[in-house]
Asker: 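My questions will all concern the structure given below.
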Amino acid sequence: MSVAQAGLPVFRRQRGKGLARDLARSQRRTKLTAFLLVAPLLLFLVLVFIGPLVMLLSRSVIDREVAQALPRTLAALDGWGIDRPVPDAAYAALIDDLHKAVAPNDIADAASRLNFAQPGMRSLLMSTRARLQRTVGAEPRQALGALSPHWEEPATWAAIKQASGPLTGFYLLAALDLKRLPDGTIARVEDGSSAFVPAIGRTFTIAFGVTGLVLLLGFPFAYLMTLVGKRLAGLMMLFVLLPFWTATMVRTLAWAILLGREGIVNDGLLGAGLVSRPLDLLYNGISVHLALVHIFMPYMVLPLYSVMRTVPASQMRAAASLGATPWTAFRRIFLPQVAPGIAAGCLLVFIHSLGVFVVPALLGGPREQGLPVLIVTYVSKTPNWGLAAALSLILLVSVYVLYWLFVRLTKSTTLSVGA
Amino acid sequence: MLTSIPGRLALAVASALALSAPARVAAADLTTAVFISPIGEVLKKQVIEPFAKQNKLDVAADNRDWGLGAVRAKVEGGSGAWDVVSLEEVEALQGCDEGLFQPLDKSKLTNLPDFDAVGEGYTCGVPIYFYSSVLAYDKKRTKDEPTSWADLWDLKKWPGKRAMHRTVSGTLEIALMADGVPRSEVYKVLATKEGVDRAFRKLDAIKSSAVWWQNPGQPRQMLASGEVALAVTYDNGIRFFNKTQGTDFGLVRKDAIIHVDFWAIVQGSKHVDKAYAFINDAMSPQKQAAVTNGLAISTPNRKAMELVDADLKPFLTPNPENLKEAMPLDAKFWLDNTDALTQRFEAWLAAK
């Protein structure tokens with residue numbers, strides 16, 4: 001009776017291989033079971049989070065409005081370049097397209113899209129459509145030229161051609177203060193007409209500043225918490241957690257009241273005779289940084305405290321007994337062990353302060369408005385989803401690049417939020 | 001039975017199902033959407049609720065956020081559809097073009113002939129009320145009273161900060177008028193590149209003294225706390241603040257910029273008849289006067305002006321003295337130019 005007849009797994013000549021394969025097979029089953037258990041959550045995340053995120057970000061490169069509204073015009077402009085005169089066929093095609101647009105909203109999206117590239121195109125397109133309804137049978141070029149001299153300008157047609165899609169770099173370029181000239185080259189936009197790159201810079205500057213301040217203030221506080229007795233440490237922990245109990249809006253407005261020209265801080269300083277005129281503490285970087293440090297302190301202190309608690313106090317004493325100065329002991333014994341907590345705290349605070357919107361909007365001056373404020377403007381005020389998506393994409397990519405750099409730099413340290 | 005596991009399981013499943021069953025809410029007879037602000041509150045109390053009670057209808061009053069993006073998301077989203085929406089001018093124009101709102105059959109609105117020419121020419125909207133952007137100051141803190149937009153630039157007579165609206169529409173007009181451009185020419189000048197450059201150059205002069213507000217409640221608060229010496233703000237808010245907070249704010253009527261808000265009916269609304277009835281009722285003299293008395297906001301209805309409180313009348317924009325000094329915001333101009341000029345404005349704000 002062979003082993004195979006007994007129904008047992010057949011072992012090949014090379015025993016190692018069979019064993020490995022069996023191991024893999026049984027491991028596969030465990031992995032499959034684990035995957036199936038996680039699958040519903042994964043599906044949920046994909047449907048509710050990743051899916052919509054990808055759809056939103058894709059709006060930064062998708063350009064469909066003009067292709068949907070003016071298909072014949074785009075077909076007629078195929079192969080045309082701005083160095084050549086506009087083909088007659090394009091005029092006829094445009095009139096054809098506009099006649100097919102029965103209701104204004106058939107071309108409203110395209111009109112908005114073109115207006116982003118060239119102000120004035122919205123009303124040009126909408127009014128041309130409205131007035132064309134009443135003129136029939138005229139020669140296309142003459143008819144359009146009579147309605148507006150803009151139709152004689154190659155730049156108008158170039159704008160239409162540039163929006164042919166289906167994909168476009170228009171929004172991404174605009175988000176980086178660039179634009180594509182009619183001849184195809186990429187150039188910076190005119191000085192003073194848009195300032196997204198400085199806004200990106202400002203967002204990161206504030207984030208770095210806040211992270212640094214929080215680390216500077218939070219580290220000693222967390223260290224103090226490890227030194228005092230349990231009850232006092234608990235009380236200090238309570239103070240650290242207090243900000244979590246008030247809504248962000250309330251905290252922010254409270255700072256506005258405290259820091260005003262007739263607020264408590266200025267009143268106190270004036271009363272104590274330390275200043276002769278009220279200080280400018282509100283609607284500038286001071287109020288924004290103060291409020292952000294206040295809001296993000298717990299995110300730094302908690303990981304730091306958790307990690308610091310795991311460092312035995314006896315180690316510092318041992319170092320002292322071996323002849324190390326307090327600074328050396330701190331630098332060579334304490335700091336390397338606490339580094340994971342510092343890394344985790346800094347990362348948390350940094351990423352949070354990149355996306356903060358309420359505090360700069362309420363407490364900041366114009367120079368504290370970063371990307372989040374701009375993104376909200378383009379979503380709700382002038383509905384320009386393409387630009388909002390492009391700015392969001394830039395923010396997302398910058399964060400990932402920074403995170404990757406951070407991980408590379410702290411290769412040997414793992415992130416930790418406490419044992 | 002409940003001690004056994006299958007029994008407990010059955011009970012758990014049953015209660016989970018019961019709790020998760022969607023509550024059956026009867027669809028309202030009419031759904032309106034008003035701004036989240038004191039204006040919205042007064043509209044709800046003085047117009048929407050009385051209408052609902054009078055006609056024994058279930059009228060829902062939703063809140064809407066500023067910006068056409070919010071309206072479009074709601075209308076195109078389709079759930080909990082709005083029937084009647086209150087809009088700002090540019091939203092009314094743009095939304096009409098985009099087919100979000102229906103062109104109105106003005107003959108169905110019997111109260112329309114009582115309305116003044118304010119807010120005319122909008123196919124899809126009729127005015128609810130209007131208000132003006134004015135220069136405001138605290139009479140208790142300044143003895144000299146400013147008389148025109150140019151005084152906003154007079155840092156010697158009125159030292160201190162100025163609160164200005166963080167939006168390009170309205171601000172450029174103020175800069176041009178302060179630079180000497182007469183009201184009637186402002187939009188002609190603004191249509192040229194040199195005009196826009198001129199406005200920004202003028203704004204450079206007070207850039208360091210300007211504090212930019214986004215919420216209409218902020219400039220009133222800033223004036224009251226002495227944070228700013230002068231503020232660009234809305235006239236009805238000033239009067240309302242004076243009445244409720246006991247402050248003594250004054251304002252400059254010359255060259256005020258008029259803003260009109262509109263009612264519109266959403267395309268695809270299932271309650272069009274009720275919507276027309278509601279809008280017509282909201283336009284009646286009684287309801288218009290009630291809103292005006294509640295908010296110190298101006299009504300375009302001539303008959304309503306007779307019903308307005310006597311002490312309020314000289315203050316309101318429709319008062320002929322005030323109307324002849326005011327200039328309506330040109331929504332068509334801003335429809336075309338908001339995108340480009342907002343970008344330039346943001347760039348200007350952030351530059352040193």
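Quick note on labels: first sequence line is chain A, next is B, and so on, each numbered from 1. Keep in mind that this is a model prediction, so the values were computed, not measured.
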Asker: Taking side-chain contact (heavy atoms from CB on, under 4.5 Å) as the test, write out the residues that go with Val197(A), two or more places apart.
Answerer: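 So Val197(A) forms a side-chain contact (heavy atoms from CB on, under 4.5 Å) with Asp177(A).
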Asker: Roughly how far apart are Trp213(B) CH2 and Leu362(A) CG, rounded to 0.5 Å?
Answerer: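 It comes to 14.0 Å.
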Asker: Measure Ile257(A) against the heavy atoms of chain B and call it side chain, backbone, both or neither at under 4.5 Å.
Answerer: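 Contact with chain B: none, neither part.
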Asker: Could you tell me which non-hydrogen atom of Ser112(A) sits nearest to which non-hydrogen atom of Gln94(B), and how far apart they are?
Answerer: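 Taking Ser112(A) first and Gln94(B) second, the nearest heavy atoms are OG-NE2, 4.0 Å.
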Asker: Nearest 0.5 Å, please: how far is CD in Gln343(B) from CG in Asn384(A)?
Answerer: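 Reported to 0.5 Å precision, the distance equals 7.5 Å.
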Asker: Can you tell me which portion of Gln218(B) sits under 4.5 Å from chain A's heavy atoms? Options are side chain, backbone, both or neither.
Answerer: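 The side chain, not the backbone.
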Asker: Going by residue number, which parts of residues 281-290 of chain A are within reach of chain B, meaning a heavy-atom gap below 4.5 Å?
Answerer: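 When heavy atoms of chain B are the reference, residues 281-290 of chain A contributes Leu282(A), Tyr283(A) within the under-4.5 Å range.
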Asker: Between Glu262(A) (side chain) and Gly226(B) (backbone), is there a donor-acceptor pair under 3.5 Å?
Answerer: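 The answer is no, because no donor-acceptor pair under 3.5 Å joins these two groups.
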Asker: Check whether Asn115(A) reaches the backbone of Asp336(B) with its side chain - one donor and one acceptor, N or O, closer than 3.5 Å.
Answerer: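 Yes; at least one donor-acceptor contact below 3.5 Å.
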Asker: Assess whether atom NZ of Lys332(B) is packed by more than 12 heavy atoms of other residues, nucleotides or ligands within 6.0 Å.
Answerer: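 For Lys332(B), atom NZ is not crowded (no more than 12 foreign heavy atoms under 6.0 Å).
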Asker: Charged N to carboxylate O under 4.0 angstrom, Arg202(A) versus Glu346(B)?
Answerer: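 Judged by the 4.0 Å cut-off on N to carboxylate O distance, Arg202(A) and Glu346(B) do not form a salt bridge.
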Asker: Side chain, backbone, both or neither: which part of Gln214(B) has an atom under 4.5 Å from a heavy atom of chain A?
Answerer: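 The side chain, not the backbone.
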Asker: Check this for me, if you would: do Asp280(A) and Lys161(B) make a salt bridge, where the nitrogen-to-carboxylate-oxygen distance has to be below 4.0 angstrom?
Answerer: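 Salt bridge: yes.
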Asker: Would you indicate whether the side-chain heavy atoms of Gln369(A) and Trp212(B) approach each other to under 4.5 Å?
Answerer: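 With C-beta onward as the side chain, the pair stays apart.
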Asker: Select one option (side chain, backbone, both, neither) describing which atoms of Val373(A) are under 4.5 Å from chain B's heavy atoms.
Answerer: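 For Val373(A), side-chain heavy atoms alone lie under 4.5 Å from chain B.
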